[in-house]
K.L.:
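This is the structure I have questions about; it appears just below.
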Amino acid sequence: MSSEITEILRTSVMEFVNKNVPSGENGLEKSGITPDLRKKLGEQGFLNLKLPAEAGGTGMDAESYIAVLEEFAKAEPSIAMEMFFLNSVAGRVLSHFEDGIELLKRAGRGEISFMTAIPSEFSRISSHSTETTITSDVPIAAGGSSDFLLMTDQSGRTLLVKDKINVRKIQKPLGFRAITWGGVETKNSQYEDLGKGKLEEIFLKQVNLEITAMALGIAEGAIEKTLEYTKVRKVFNTPLKDFGPVAAAVTNMKGEIDLVKHSLDSERREENSEVLRHASLELALNSARTSVQYHGGYGYFESFGIEKFYRDAMAMKMIFGGLKPRELLYRKIYGSDSGRI
Amino acid sequence: MSSEITEILRTSVMEFVNKNVPSGENGLEKSGITPDLRKKLGEQGFLNLKLPAEAGGTGMDAESYIAVLEEFAKAEPSIAMEMFFLNSVAGRVLSHFEDGIELLKRAGRGEISFMTAIPSEFSRISSHSTETTITSDVPIAAGGSSDFLLMTDQSGRTLLVKDKINVRKIQKPLGFRAITWGGVETKNSQYEDLGKGKLEEIFLKQVNLEITAMALGIAEGAIEKTLEYTKVRKVFNTPLKDFGPVAAAVTNMKGEIDLVKHSLDSERREENSEVLRHASLELALNSARTSVQYHGGYGYFESFGIEKFYRDAMAMKMIFGGLKPRELLYRKIYGSDSGRI
Amino acid sequence: MDFKFSEEHEEFRKKVREFGKKEFTKQRIRDSDINEKYPDELRELTYKNGLVSYDDPWKVLISIEELCSIDPGLGISVTIPYFGAEVIMLFGSDHLKEKYLSRINSGKAIMGLAVTEPSGGSDVAGASTRAEKKDGHYVVNGSKMFISNGNLADFFITLVRTSSKEAKRHHGLSVLVVDTNSKGFSANKLTGKLGVRSTTTSEILFENLEVPEENLVGEEGKGFYYIMTFFNISRIFVAAQGIGVAQGAFDRAMDLVKSRGEEYSSREEVQFALAEMATRIKATRLMTYEAASHLFSYEPIPSLTSMAKQYAGETAVFVTEKALEIAGIDGIDSDLERFFRDAKILEIWEGTSEIEKLIIARNMLKGEKP
Amino acid sequence: MDFKFSEEHEEFRKKVREFGKKEFTKQRIRDSDINEKYPDELRELTYKNGLVSYDDPWKVLISIEELCSIDPGLGISVTIPYFGAEVIMLFGSDHLKEKYLSRINSGKAIMGLAVTEPSGGSDVAGASTRAEKKDGHYVVNGSKMFISNGNLADFFITLVRTSSKEAKRHHGLSVLVVDTNSKGFSANKLTGKLGVRSTTTSEILFENLEVPEENLVGEEGKGFYYIMTFFNISRIFVAAQGIGVAQGAFDRAMDLVKSRGEEYSSREEVQFALAEMATRIKATRLMTYEAASHLFSYEPIPSLTSMAKQYAGETAVFVTEKALEIAGIDGIDSDLERFFRDAKILEIWEGTSEIEKLIIARNMLKGEKP
């Protein structure tokens, strides 16, 4: 797909956000992603971008998909994360059997959604399953609703839980507040066994570029606002941007964003994907922190739409930046001859 | 020029260095770039890469030129700097008149060389010129010999001084020790007036990509050695690379090098040139410092060929990373509507 | 040299700690944070237990530190009702001391400091709230922004412009004590903060508000100086907040690391993180204590105070971020995520980190030795 | 709490400073640096003036700090001849104290510590230089690397392996005092150092070198413990080197900034750099002094000592780099470029920064409170 079409997609994301997503005092984090908004996202074709063709996917190329993720993250990281859970995660594990395809179809239209228990190195998951029964206590899951749950059981198998999902919703999670986070309990549920280690494999290895796109979007969203704000905000009768250290910090971030962006846009993105993952996670957190700082007191308030980037960037790093994925970076750079790492 | 040809050039640089440049205990920093070595560089066509065609230049494209600079910097930053002073600096100011072309021709063959007094924001230049006489005290100049001197006089004009150049050579300058650094005095010299602010303009605005190439080369040279060293060097019976923080630091540097490299190799390099300049200067210093650290006591000795990268990277930042070029970055990112910056 | 607290202070620290552990219940912490609710009952309890006492500024510092390490939001909430008191102590008339400070000292009133305006957080000298003299009163018009205790305080130490000479920005400012039950006072609580959500932050408005002349603190035209002097005091207490936030986050991270067993705790990445956190905390403590020791013996060193404040804010942010990295996904609904949200304000209030750095450099350029 | 040095120590500091300013001439500094020449005459002068006195470790610390701030190379050169003396002081027999320490105390001898081996800088327990008992002697074979005073010292505190049980790496080590005029001793001076070029660094070799039994320090098998104890002392002095290097570089940067006039010195970028440098130096000082105060009263806190050492090294590097950035091209042949080259070793010797961080974390994981 040409970069021209990618640009059109980017524009359509911006238009969609402007038209359909609440902002300011009563922004998206307060309402959450409603069934109605999810419907609209589905209608506009944002939910099935990377689903398999049999599930109604558009067969869009990677470049365009990550461009859309990036663009949503710039404005509302929660929407990007919702798309990610469906397309990058559920799309990958559910496409291998008929029932799964059917569910993906409906999810791609925005009719249902999945919760996903994010695999954690130190997760407090305690689950027990027999042939027909599963009892689990998955404390952290994320997603749109409790229709279906993707999770890893004690023995490392990835399961699709189909009913009796009891969510203890977290009232104010750290980040991505427009999607649901919560502890989950399932008892005597029906489930489908999707194979050993599937979810972990995806989070560790297969979504580097999607993570980069979202982290980059957060960095861009924060820094672009800060660039504009520091032009108009005055202290001591001087625009903030005219203070050298402010200009230096903002332009350094913007420069790094450009470097990551160019690499993500280039055809060598795959070869660089582990590097991009970690560089962008770091960049998102630094950019968002800097942005809150230069917005001063105003940046500290939800209604200004800046502090959410800081929370989301931190959450991104917690979810995607652990020791295990770092080890994959070490291994990539050092080659296969690695011992302890 | 295709990237294939660029690759051939890179290989030829490596071969040249292996064959002609001394290393180890009695490395290039001890001998300096000798007239003989300069001759060889000229014969191999490394000194006229970017000179104008009339001066015997090869008309090489930017991509290949910066690739050669980068490759030399990886092995011997001093040689890259020598090429830079001739091609990027002298080539630019001397190509506008016949005498100048003649001198460039000879310099491109390695027969003569220029010293260049690097413009400094706070230079202690005190010079006075009448129509036929110039007295100057330029404390810092760099270059191959004292045949000719490019300098800025008190009123900001760029001069080519042709004779009676008295160099007080610095015994052990901080960086780029294989080229000559020193204070220069000229009295009753002949000179050519090359125009107002020419040298400063070049150092500030026209050499961003060349600087990037050299800084990147330094970073690569240091980190590549460190990658190999940390694979074989053991402490506590474990290779250094298997200590997480070591692996993390080295892979982070390597990752950043890749990002800068991709951007420098891409066609968007010009649009990004201010960003690349400053990002690469920072990266070179961080990479070199890290490399000395992980080489431990050994890294502290000249014969190991690591500490020179640290000195050269620091010198690069001092020469090319001041407040004035930073302001150009601010202006680039913030657009033209800048006040104090 | 002696780097130890006195036995009395160590005893006091223990007492504060025990109080905090007992009274800062999970319920109180969550409720205040999620609902942005000021814990007034806890404030009274803290006062009654003698944990905030102006007899000894070291004790105030210790209380702030210890309580913030248990919960920054509640810790700040219960120690902030006296915010600005030093202005009256140092520069107020006996009348003002008796009328206002006695209510503060008995724990019956809440006060606040109204300096920042919507147009500029750091630019104190640019204040534009006006006070004009008329019939034995000052008539105040203007607004103040991000004012702590805005909807709670009984009175405010308020920076106003009493001279119209704009050229002399610093010299046209004065300080008034403004009662909030005066006609013309209003306050809008600002909700939706990133952190320290149990504190109350407001925009406050003065509309032809009359203040009796005797409520002028010190002399007219010296307001800028009084406020700057105060900031040199309050910054020490912000640094103490930073120590508390960072120490609290560190302790939790340490517990987490230990709970994950030997294989995890022996990883060098994890040990490096712990070492870097602990080193920053130690450095923060020492700079804060030295700055405090000068200040509390009436020989403040402004550059050192600013070093402590700036470094403390940066450390609180650094440590909470590192701690969450260690926590990973499990941290998304944890004490640590609250510490992280609470930390950031320390780099902003009482002078941003940027302002602090300028203060450090400018004082040193003038010859001060921190 | 009390953050002040005693009057006696302040006086002493002044004296050291005056001495250094007078005797560390430009000529001496340049000559030693460029030609890698040990300034023996200056060492004697320093000793004669009583600037290195083991009566009071605080004075040693002050001397190192002040002299390094004038020139790190010379400062280290004149204070390093006693390197390792504490091992004998703490663990040596009366015989060893009399025979060796008296020569040190009279300034007549130079000593050194031979621990590091070519195979591993940080891995002290991995030492493989062997000492076998034979006819009332130890016969030593092996080599040591990067040994300060290698070609100068009269004797070395030497870590050797006296037990063949490789399983008990730490417990198979002992410490011997080795005379350099013994048969079988040789030293190769290593030239071409990045910095501290006036100090002498060598590889030293032991070939069937015989050491009398009475030159064993303390007990056999306890060498690792003795050396680790020593490092907990010497790290304090490395931290003092860091203070000196950083302070010296800062002072020069400050002078440079002032000399460039108001327009330059008022630039926020420049002021930020100064503030960040000064803050780090202040933090280094405080951590070093607190660590020293525990150590010098025989209650060392290893994690705090390591914090001071690690932070000091990092600070010396940070400050010298920033100072050169400020200097720009003019710095390429300046005092500052020498400070920059001298700084880096502080992150490497006496335990790399990486080792220090592990020490900090591991001690804290065991419950130590720095």
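Below, chains carry the letters A, B, ... as their sequence lines are ordered, and counting in each starts from 1.
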K.L.:
I'd like to know if the side chain of C:R285 and the backbone of C:I243 have a donor-acceptor N/O pair within less than 3.5 Å.
P.N.:
no

K.L.:
Using atom types as modelled and distance alone, determine if a side-chain donor or acceptor of D:R252 lies under 3.5 Å from a backbone N or O of D:G248.
P.N.:
yes

K.L.:
Quick one: what part of C:F296 sits under 4.5 Å from any heavy atom of chain D, side chain, backbone, both or neither?
P.N.:
neither

K.L.:
Between the main-chain N or O of D:Q247 and the side-chain N or O of D:S69, is there a donor-acceptor pair closer than 3.5 Å?
P.N.:
no

K.L.:
Pick whichever of C:E356, C:E290, C:H294, C:K282 has the most heavy-atom pairs under 4.5 Å with chain D.
P.N.:
C:E290

K.L.:
Identify which part of C:V270 has an atom lying under 4.5 Å from any heavy atom of chain D, answering side chain, backbone, both or neither.
P.N.:
neither

K.L.:
Would a line drawn from the ring center of D:F5 to the ring center of D:Y289 be shorter than 6.0 Å?
P.N.:
yes

K.L.:
Among D:M364, D:M277, D:M307, which residue has the highest count of heavy-atom pairs closer than 4.5 Å to chain C?
P.N.:
D:M307

K.L.:
Should D:R235 and D:E350 count as an ion pair when the cut-off is N to O under 4.0 Å?
P.N.:
no

K.L.:
Against chain D, work out which of C:L274, C:L358, C:I360, C:T284 has the most heavy-atom pairs shorter than 4.5 Å and name it.
P.N.:
C:L358

K.L.:
Could you tell me whether a side-chain N or O of D:K322 sits under 3.5 Å from a main-chain N or O of D:A253, the two making a donor and an acceptor?
P.N.:
no

K.L.:
Taking side chain as everything from C-beta outward and backbone as N, CA, C, O, which of these in D:Y311 sits under 4.5 Å from a heavy atom of chain C? Side chain, backbone, both or neither.
P.N.:
side chain

K.L.:
Which bit of C:T279 is near chain D, if near means a heavy-atom gap under 4.5 Å: side chain, backbone, both or neither?
P.N.:
both

K.L.:
Can you tell which part of C:L304 gets under 4.5 Å to a heavy atom of chain D, answering side chain, backbone, both or neither?
P.N.:
side chain

K.L.:
Which answer fits C:M287, side chain, backbone, both or neither, if we ask what part of it has an atom under 4.5 Å from a heavy atom of chain D?
P.N.:
both

K.L.:
Taking the side chain from D:K309 and the backbone from D:L346, do they hold a donor-acceptor pair closer than 3.5 Å?
P.N.:
yes

